[in-house]
**Q** 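First the structure, then my questions, so here it is.
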Amino acid sequence: MLSKTSEYALRAMAWLAKQKTLVFFKTEKIAEAIKAPEAYLSKILQSLNKAGLVQARKGLKGGYALNKAAELISLLDVIMAVDPCQRILKCPLGVPNHETLCPLHQKLDNVHAEMEKMFGNCYLSDLIGVKTSSLCEII
C-alpha cells in the first residue's frame, strides 16, 4: 500500500525521532540503522529537508536531524513530502463522458481519503514507543 520511498522515509523519521534532539546523523549511519540503500535514502532525506521536516547541516559534524518535535510531525506529512498521494477527482482513464466518478473510482478515492485521515492523525511520537514488529525493532 505504501511505496518503498514512503516506508524508508517513515523508518528514517522514526529513527531520528528516537535520537537526541539536534544531534545530526550522516546518511550512511541512518541508512545502516534502518536497513535502507544509502543513495536512495539520500534522495529521500533531501525531500524531507525541502519539506522542512528535517534539517540538514554540511560539514564534518553535519548530517540530518528532525526539524520539529516528533509530536508535531504526522505520518501524512512524511508521506506527502516524499511520495504524495493523489486523490481521484476525475476519471483517471480520461473518458470524456465521466463527469462524476464511477463507483470503482469513487471507492478508490474513499480509500485515499481514509488513508489521509488515518496518517494525518498519527504522529512520529506514536511510533517510537512501540516494540511490536521488526520495523520497530530497527528503530
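Bear in mind that the values here come from a model prediction, so they are computed numbers and not experimental data.
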**Q** Quick one: list whatever passes side chain to side chain contact (heavy atoms under 4.5 Å, CB included) with Lys26, sequence neighbours left out.
**A** none
**Q** May I ask you to check whether Phe24 and Tyr64 place their ring centers less than 6.0 Å from one another?
**A** no
**Q** Give me each pair satisfying ring-ring contact (aromatic ring centres under 6.0 Å, His included) with a member in residues 105-126, each pair once, sequence neighbours excluded.
**A** none
**Q** Do side-chain atoms of Arg11 reach the backbone of Ile34 as a donor and acceptor pair under 3.5 angstrom?
**A** yes
**Q** Restricting to non-hydrogen atoms, name the atom on Leu66 and the atom on Ala17 that form the minimum distance, rounded to 0.1 Å.
**A** CD1-CA, 3.5 Å
**Q** How long is the straight-line distance from CD of Glu38 back to CG of Leu45, given to the nearest 0.5 Å?
**A** 10.0 Å
**Q** Same cluster or not: Leu72 versus Met80, using hydrophobic residues (I, L, V, M, F, W, Y) connected whenever any side-chain heavy atoms lie under 4.5 Å apart?
**A** no
**Q** Rounded at 0.5 Å granularity, tell me how far SG in Cys85 sits from CG in Leu76.
**A** 7.0 Å
**Q** How far does OG of Ser6 sit from CE of Met13, to the nearest 0.5 angstrom?
**A** 12.5 Å
**Q** Taking the side chain as every heavy atom from C-beta outward, state whether Lys29 and Trp15 have any atom pair closer than 4.5 Å.
**A** yes
**Q** If you compare all heavy atoms of Ala14 against all heavy atoms of Ile128, which two are closest, and at what distance to 0.1 Å?
**A** O-CG2, 3.4 Å
**Q** How far apart are the C-alpha atoms of Asn49 and Val54, what are their side-chain angles, what is the distance that settles it, and do they pass the side-chain contact (heavy atoms from CB on, under 4.5 Å) test?
**A** CA-CA 5 Å; Asn49 180 47; Val54 297; 3.9 Å; yes
**Q** Above 12 or not: heavy atoms from other molecules or residues under 6.0 Å from CG of Leu104?
**A** yes
**Q** Between the side chains of Asn110 and Gln106, is a donor N or O closer than 3.5 angstrom to an acceptor N or O?
**A** yes
**Q** Can you name the closest pair of heavy atoms from Asn67 and Gly52 and give their distance?
**A** ND2-O, 3.0 Å
**Q** Roughly how far apart are Leu10 CG and Leu2 CG, rounded to 0.5 Å?
**A** 6.5 Å
**Q** Return the CD to CG distance between Gln55 and Leu16, rounded to the nearest 0.5 Å.
**A** 10.5 Å
**Q** Between Asp83 and Ser3, does any side-chain donor sit less than 3.5 Å from a side-chain acceptor?
**A** yes
**Q** Rounded to the nearest 0.5 Å, what separation is found between the CG atom of Asp77 and the CG atom of Leu124?
**A** 8.5 Å
**Q** How close do Ala81 and Leu53 get, heavy atom to heavy atom, and via which atoms?
**A** CB-CD1, 3.9 Å
